[in-house]
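Worksheet for the structure shown next.
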Amino acid sequence: MPIKTREDLMQLKAQLPDETSYRMTILLCGGTSCLSSESDIIDEMLREKIEKNHLENEVNLVKVGCLRFCGEGPIMFISPDDIAYVRLTIKDVSDIFEQHILRGHIVDRLLYVDGAQNKTVPAPKDMDFFKKQQRIALRNVGDIDPRSIEAYVAREGYEALRRCISDMRADEVINVVRKSGLRGRGGGGFPTGLKWAYTASVKSDEKYVICNADEGDPGAFMDRSIIEGDPHSLVEAMIIAGYANGASEGHIYIRAEYAISIEPLRLAIDKAREHGFLGTHIFGSEFSFDIHIKLGAGAFVCGEETALIRSMEGHRGEPDKKPPFPSESGFRGKPTSVNNVETYVNIPAIILRGADWFASIGTERSKGTKVFALAGQLRNIGLVEVPMGTTFREIIYDIGGGHPEGKQIKAVQIGGPSGGVITEDFFDTPIDYDSLIAIGAMMGSGGMIVMDEDSDMVEIAKFYLDFTQDESCGKCTPCRIGTKRMYEILERLTAMEGDPQDLERLETLGENIKNASLCGLGQTAPNPVLSTMKFFREEYEAYAYRTKRTSYLIDGKQCIGCTKCARVCPVDCIAGKVREVHTINENDCIACGACYDACPTNAIVKP
Amino acid sequence: MKLIDKMIQCKINGITVNVEAGSTVLDAAEKAGIHVPTLCHLDLHDVGIVNQNANCRVCMVEDEKRGTLVPSCAEKVTDGMRIQTDSLKAVMARRTSLELLLSNHPQDCLTCVKNLDCELQSLAYEMNIKEIHYHGEKMSHPKDLTSRGITKDTNKCIMCRRCVTMCDEVQTVGVLSPLKRGFDVVVATAFHLDLGQTSCTYCGQCVSVCPTGALAEMNDAPKVWRALNDKQNHVVVQVAPAVRVAVGEMFGYAPGEISTGKVVSGLRRLGFDKVFDTNFAADLTIIEEANELINRIETGGTLPMLTSCCPAWVQFIEAQFPELLSVPSSCKSPQQMMGAVTKSYYADKTGIDPKDIVMVSIMPCVAKKAEAAREEFNRQGLQDVDFVLTTREFSRMLKEAAIDFKKLPEESFDELLGESTGAATIFGTTGGVIEAATRTAYEMVTGKELKDVNFKQMRGLEGIREAQVEVGDVTLRIGIAHELGNARKLLESIRDGKNHFDAIEIMACPGGCIGGGGQPYHHGNTDILKKRQQALYKLDGAMKKRKSHENDMVMKLYEDYLEKPGSPKAHELLHTTYSTKARI
Amino acid sequence: MREKILDRSTLDTALLARLDAYIDSLKGDKQEQLIHVLHKAQELFGHLPHNLQLYVAHALGLSGARVNGVVTFYSFFNEEPVGKYVTSVCMGTACFVKGADKVLERTLNLLGTKKGEMSPDGLFTVKDIRCIGACGLAPVVTINEKVYGKVKVGQIDDILSRYRGEKRAD
Ligand SMILES: Cc1cc2nc3c(=O)[nH]c(=O)nc-3n(C[C@H](O)[C@H](O)[C@H](O)COP(=O)(O)O)c2cc1C
Ligand code: SF4
Ligand code: SF4
Ligand code: SF4
Ligand code: SF4
Ligand code: SF4
Ligand code: SF4
Ligand code: SF4
Ligand code: SF4
Ligand code: FES
Ligand code: FES
Ligand code: FES
């Protein structure tokens with residue numbers, strides 16, 4: 001039955017069993033990270049037990065998308081008790097069932113321990129990790145069953161679409177988006193309303209809206225988590241975009257590798273079609289729209305919109321010069337509006353709660369919230385959504401809990417391979433598009449990696465460059481050959497074969513690659529090098545002047561002579577007797593780090 | 001439909017320039033008299049060929065308002081734009097791009113085919129590159145020397161993709177593509193096959209636009225030198241029509257200079273025993289072809305009939321349209337007819353053993369090398385034509401022999417196979433063959449004299465042209481296409497029954513043989529093609545005889561040897577067959 | 001070389017029939033869907049040998065070079081056969097800062113192979129991949145579907161042994 005009216009929506013919502021009818025609701029994380037540590041098996045085992053004991057009507061076990069605290073996964077939230085169990089293993093299932101589900105006893109050992117304060121925090125809402133977060137894009141992620149359209153509708157899903165189609169003209173929808181101040185979350189920060197207005201204004205027999213779900217940024221998983229946890233939000237937003245831009249077809253470009261995300265997305269599209277949100281006469285109007293999935297095949301540059309369009313057309317994903325922009329001539333040569341996943345999912349919320357509400361969050365020129373994938377040398381790792389304008393310090397220390405071993409945090413890399421590092425001096429910078437540019441960094445898509453005092457910034461820069469030169473499409477000279485040459489210089493430096501002139505070479509080459517490259521990949525590829533060179537020049541100089549120590553060392557004061565390090569060393573360069581201080585033969589050490597990992601007393605010092 | 005009436009204003013280095021909307025910054029700079037270096041850029045707008053993917057980045061200039069660099073070859077001028085072509089930022093970026101290209105280049109100039117004719121080399125000179133600051137891994141691919149026409153030295157490739165534009169978009173053969181990505185990108189054939197193992201047509205258009213020595217014609221000069229130095233050999237040479245209006249460019253003459261007489265004397269000085277004119281065979285081809293056409297029309301044979309004198313085109317249809325192999329004329333090309341007649345009729349007349357005759361051709365064409373090697377053109381163990389040299393190779397031989405082209409006297413072709421008409425001359429341009437055939441067919445069918453031999457509607461540089469000619473009581477519907485992409489369009493329309501023609505001329509190269517893959521490099525300048533074309537029409541116009549059947553020596557050939565057009569003897573010597581080729 | 005590429009006899013006809021059926025089932029411009037067709041072909045055949053690429057090219061009316069250009073552009077497509085166990089070391093940033101490069105190096109050393117190439121015993125192909133979205137478990141290694149999180153350099157030998165079928169005497 002196609003949904004045509006608000007009443008139809010209400011009816012659909014009514015099909016979802018009321019949560020209050022259950023004695024207990026368990027939200028078990030089915031996000032990628034938790035799935036990787038067997039949350040799916042935990043789910044099966046628990047479900048089996050519930051069924052065996054005929055508790056289906058009492059206990060509501062929901063496999064949800066990412067619960068956002070991925071570093072503590074697999075994780076589950078239990079309500080109304082309001083507690084979280086973390087770091088679950090399959091061995092814990094019977095305890096949870098026997099103790100908690102059957103008897104209502106809390107399993108203390110599975111509760112979250114806040115390492116910073118060394119205390120147990122049972123309720124998610126009391127965890128520092130969640131306290132400062134504000135959810136718009138992630139509003140449903142982790143709260144609802146991504147496979148249930150009813151659950152989405154129960155959270156006002158498809159109501160924004162209904163309002164757009166029944167009560168608003170296309171230009172009115174665009175105006176709301178424009179007034180909200182929403183800017184593209186895919187990296188560039190281009191005002192979304194403006195983009196739509198432009199696409200809508202170009203005359204053409206056909207137009208397209210595209211969702212850029214490529215997310216090839218290493219260390220970023222925001223978009224995927226949204227798609228896995230709340231696919232209908234994206235579907236709804238794209239239909240709204242289609243309506244506003246005057247398009248009748250939408251395409252979602254996603255990598256075939258992300259099979260875990262594609263499955264719920266396909267299901268959501270099918271369900272939406274079934275209920276008439278996709279197809280002809282949507283909400284009884286003359287508006288028709290459908291969504292197709294286009295698969296990528298593993299090329300970071302395909303996240304660049306013109307490359308993405310080439311790829312969608314069955315070609316090598318090579319960027320094209322701009323202008324013309326996709327809004328004018330995009331997919332199949334027609335006007336096309338390309339938007340990022342996170343950008344999209346803000347739209348229904350903006351329509352429902354109004355442009356002013358959205359514009360009231362964030363800073364002067366960056367409105368709303370931003371989702372970050374927080375990772376690295378940090379106590380709390382996971383997805384965080386904070387209002388624009390939150391400072392790095394708040395994210396790193398208040399939300400992230402600082403370094404797990406209390407070491408000094410040296411820098412944060414933001415914006416992935418196109419971004420730069422931010423040092424302690426700038427930790428009080430409010431995070432928004434313009435402040436970041438002002439300090440020589442950029443928002444990027446939302447990867448945020450925290451690095452501690454042990455991190456070798458030259459190695460980090462080399463890592464990013466290895467990535468960009470590997471992912472370069474190879475079309476234009478500066479990026480194809482230039483990033484390779486930069487990488488080679490860094491390789492020589494870190495192999496202690498460089499010379500001081502290499503530093504100058506890196507800088508000149510970097511500047512010119514930025515200036516002369518054809519697309520955003522090349523134009524930003526030197527950033528990690530240039531920004532680390534700016535802040536950590538002495539680390540580069542240590543390599544260039546060959547004063548850098550490359551081997552690991554043992555701190556004699558810490559060593560208890562346990563022999564663990566010697567046993568793992570692949571080149572047998574650690575000597576020492578049991579219960580005596582061990583030593584590393586510096587000439588033979590290949591700096592593999594195995595001993596460092598093995599040492600129980602942190603006696604081993606990184607180079 | 002064009003929006004060209006709109007003019008916009010911009011400033012280049014402070015100079016105000018008005019350009020048509022849609023112009024590039026490069027166009028505007030040119031108009032202001034400011035030179036900006038380019039490398040990947042290629043714009044043969046008259047024949048609709050543009051490589052504008054802006055990948056080399058040696059043409060970067062600064063957009064002052066935005067403070068960013070833009071590629072002048074591809075960036076469109078906007079109203080009020082202010083461009084600085086020589087800001088430090090722009091100059092540094094251009095130099096860096098070039099240095100980077102050179103850091104991945106063998107720098108073998110001294111022994112490179114392109115030495116002194118190489119755009120990369122000139123640019124390095126022009127930009128005053130005296131040191132390359134970056135070093136590292138270089139490409140290392142094996143050379144492909146196995147094909148019958150083209151050599152590929154990928155290590156010299158700068159990935160400008162002009163060749164890909166040519167092969168893929170213009171010729172729609174699609175043999176070349178960028179493979180892999182990043183530093184490993186290489187412009188190559190599918191699976192790195194040797195070119196000869198693919199469906200390459202040898203049109204040589206990739207060669208003619210390659211700015212470096214990465215693509216070149218096979219060098220057959222050493223074989224010809226050897227043949228010339230063997231006393232046992234009777235070495236005969238033929239010269240194609242398009243050569244004489246282009247070869248001068250290799251020696252500093254303006255494009256379109258007619259150097260027939262110098263070519264002949266130059267060849268004699270190189271030691272050739274007889275210098276014949278391919279135009280003779282062109283006249284012969286027309287007579288056979290006109291006869292075949294009339295025959296097909298009268299007997300209800302396959303129509304349209306397609307001309308078959310362009311070997312690249314023949315290769316193309318064999319691989320791309322195997323279902324249409326009955327439409328090309330069975331006539332051999334003039335080059336092959338000349339070879340066959342030389343090794344039979346001429347051998348008979350002079351009493352020279354055909355085995356001792358070495359037939360060499362000077363051609364504007366790379367595909368002719370492959371054509372000469374086809375098995376179909378072997379009779380009793382002898383190829384009709386033994387060696388084919390391009391216009392460029394011929395010029396290099398002259399230079400090697402220290403022959404001063406400018407000082408050469410004007411001489412005439414040798415008797416017997418040396419006479420020709422104006423009709424044969426225009427074989428060298430698109431539309432020429434069919435115009436020549438029409439002149440003869442008209443008189444053959446009607447028996448009346450054709451007063452005005454100039455079929456203007458068949459001339460020009462438009463990719464696909466159509467013409468209708470009243471021949472007696474029939475109307476001949478004629479189609480003309482040059483460049484294989486246009487040929488494909490025309491063929492598809494015929495195959496799908498959307499279009500009907502009686503006769504069609506197809507030439508693989510832009511402009512026909514004047515733009516052949518073996519001609520002096522035009523480096524992207526269409527004016528050169530136009531000048532060559534004008535010269536051919538000028539030659540035709542200046543001739544007393546302008547219809548092939550007025551060629552007395554050809555008529556004598558029929559009387560003495562072939563009996564009549566389409567005779568069994570003519571079939572044995574002058575006709576051929578086609579077969580399907582795999583598409584790779 | 002040319003003959004091998006033109007030869008289809010090494011391709012399983014039943015699988016080719018399924019590929020044909022898939023191509024037939026595509027709606028709209030089929031050439032545009034080249035990447036989808038290649039995904040299907042790789043799913044059916046495990047990798048994309050040259051003759052299969054040419055088969056796809058002919059089926060869609062594209063040139064061999066065009067298809068080969070696309071296949072070699074995307075890292076998801078394999079021209080060479082892959083080992084029974086595809087071992088992917090995540091080299092996303094989160095994993096890298098937690099030592100993924102050392103993990104990768106160790107894995108390659110232990111297997112005596114290079115990135116992207118099959119190990120001499122034909123069991124493993126080691127790849128580096130970018131962020132699988134399990135950054136919380138960094139560094140991450142996956143072997144086929146199975147994910148190993150918080151992997152330490154010292155554990156790799158153990159993990160690989162499970163697939164080699166060797167039982168180590170502990
Ligand atoms: C190298 C490169 C990679 C990119 N990758 C992505 C990506 O993975 N996801 C994304 O949404 N945008 C990516 N972008 C930005 C897109 O080109 C485009 O600006 C964006 O999808 C527009 O959507 P938005 O306005 O909603 O941000 C990338 C850009 C570049 C230059
Ligand atoms: S900058 Fe790099 S990725 Fe972008 S077009 Fe140039 S080579 Fe390709
Ligand atoms: S870093 Fe590796 S090689 Fe060096 S001492 Fe430790 S275990 Fe041995
Ligand atoms: S592992 Fe640590 S404590 Fe044990 S011997 Fe080695 S350095 Fe000493
Ligand atoms: S291609 Fe040009 S630059 Fe390269 S070696 Fe030949 S002549 Fe020199
Ligand atoms: S320019 Fe110099 S290097 Fe080149 S050939 Fe002449 S002398 Fe030799
Ligand atoms: S000779 Fe012609 S067909 Fe062959 S590769 Fe070059 S452009 Fe393509
Ligand atoms: S072969 Fe020549 S034309 Fe083709 S990409 Fe290389 S340099 Fe350019
Ligand atoms: S058009 Fe002329 S030069 Fe070009 S391939 Fe054909 S015969 Fe050769
Ligand atoms: S995947 Fe489970 S909390 Fe993120
Ligand atoms: S000439 Fe403009 S980018 Fe190559
Ligand atoms: S960086 Fe390895 S899983 Fe994200």
Side-chain angles (χ1 to χ4, degrees), chain A residues 297-302 306-307 310 315-324 465-492 501-502 504-519 521-523 525-526, chain B residues 24 39-40 52-63 67-71 73-76 78 87-105 120 132-139 158-161 164 168 177-187:
Chain A
F300 169 67
V301 66
C302 287
T306 59
R310 292 294 287 159
H315 290 273
R316 296 163 57 82
E318 293 174 345
D320 272 329
K321 58 182 188 303
K322 289 190 276 195
L465 217 59
D466 183 24
F467 176 82
T468 34
Q469 61 98 25
D470 193 44
E471 295 289 343
S472 157
C473 84
K475 180 170 168 177
C476 72
T477 311
C479 174
R480 178 179 75 246
I481 309 178
T483 56
K484 170 84 173 176
R485 295 291 176 252
M486 282 184 85
Y487 177 69
E488 287 168 337
I489 295 173
L490 289 171
E491 265 195 321
R492 283 200 297 267
Q501 277 167 11
D502 281 335
E504 206 179 304
R505 275 192 204 109
L506 278 177
E507 279 167 336
T508 337
L509 200 48
E511 272 314 313
N512 284 302
I513 293 170
K514 284 177 69 157
N515 290 340
S517 288
L518 192 152
C519 85
L521 191 149
Q523 285 159 6
Chain B
T24 60
L39 195 49
C40 66
Q52 211 180 48
N53 58 32
N55 57 43
C56 77
R57 319 305 276 182
V58 305
C59 71
M60 305 305 286
V61 295
E62 186 161 347
D63 178 333
T68 56
L69 301 184
V70 295
C73 67
E75 187 79 6
K76 299 265 191 301
T78 53
S87 71
L88 186 66
K89 192 168 169 184
V91 173
M92 284 300 288
R94 297 205 291 259
R95 282 184 72 95
T96 305
S97 295
L98 189 63
E99 269 190 52
L100 286 169
L101 285 173
L102 294 173
S103 79
N104 190 22
H105 195 82
L120 181 64
I132 295 161
H133 294 87
Y134 312 108
H135 303 276
E137 189 187 331
K138 286 187 183 186
M139 282 180 275
I158 54 163
M159 313 303 158
C160 70
R161 308 195 185 184
V164 181
D168 205 27
S177 166
L179 308 181
K180 306 215 173 158
R181 71 174 185 221
F183 184 76
D184 298 331
V185 159
V186 53
V187 170

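A note on names: the letters A, B, ... follow the listed sequences, proteins ahead of strands, and every chain is numbered from 1.
Taken to the nearest 0.5 Å, the OG1 atom of A:Thr477 stands 7.5 Å off from the CG atom of B:Leu39. How far OH of A:Tyr487 is from CD of B:Glu137: 11.0 Å, rounded to the nearest 0.5 Å. Considering CZ of B:Arg57 and CD1 of A:Ile481, their distance stands at 13.5 Å, rounded to 0.5 Å. Going from atom CG of B:Asn53 over to atom CG of A:Leu518 covers 8.5 Å, rounded to the nearest 0.5 Å.
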*Begin from the C-alpha positions of B:Lys89 and A:Asn515 and carry the test side chain to side chain contact (heavy atoms under 4.5 Å, CB included) through to its verdict.*
CA-CA 8 Å; B:Lys89 192 168 169 184; A:Asn515 290 340; 3.6 Å; yes
*asked:* Checking A:Arg480 against B:Leu101 for the side chain to side chain contact (heavy atoms under 4.5 Å, CB included) test, could you report, in this order, the C-alpha distance in whole Å, the side-chain angles of both residues, the deciding distance, and whether it holds?
replied: CA-CA 10 Å; A:Arg480 178 179 75 246; B:Leu101 285 173; 3.6 Å; yes
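Under the side-chain hydrogen bond (donor to acceptor under 3.5 Å, both in side chains) criterion, B:Arg94 pairs with no residue at all, not counting sequence neighbours. For A:Arg485, the side-chain hydrogen bond (donor to acceptor under 3.5 Å, both in side chains) criterion is met by A:Glu488, B:Ser103, not counting sequence neighbours.
Contact count versus chain A (heavy atoms, under 4.5 Å) is highest, among B:His133, B:Arg161, B:Lys76, for B:Arg161. Taking A:Lys475, A:Glu511, A:Met486 one by one and counting their heavy-atom pairs under 4.5 Å with chain B, the maximum is reached by A:Lys475. For the set B:Ile158, B:Asp184, B:Thr96, the count of heavy-atom pairs under 4.5 angstrom toward chain A peaks at B:Thr96. Of the listed residues (A:Ser517, A:Ala516, A:Cys479), the one with the most heavy-atom contacts under 4.5 Å to chain B is A:Ala516.
Residues B:Glu75 and A:Pro323 form a side-chain contact, since some pair of their non-hydrogen atoms from C-beta on lies under 4.5 Å apart.
Listed for the A:Arg316 side chain is a donor-acceptor partner under 3.5 Å among the backbone atoms of B:Lys180. Using a distance-only test at 3.5 Å, with no hydrogens or angles considered, no donor-acceptor pair links the side chain of A:Arg505 to the main chain of B:Tyr134.
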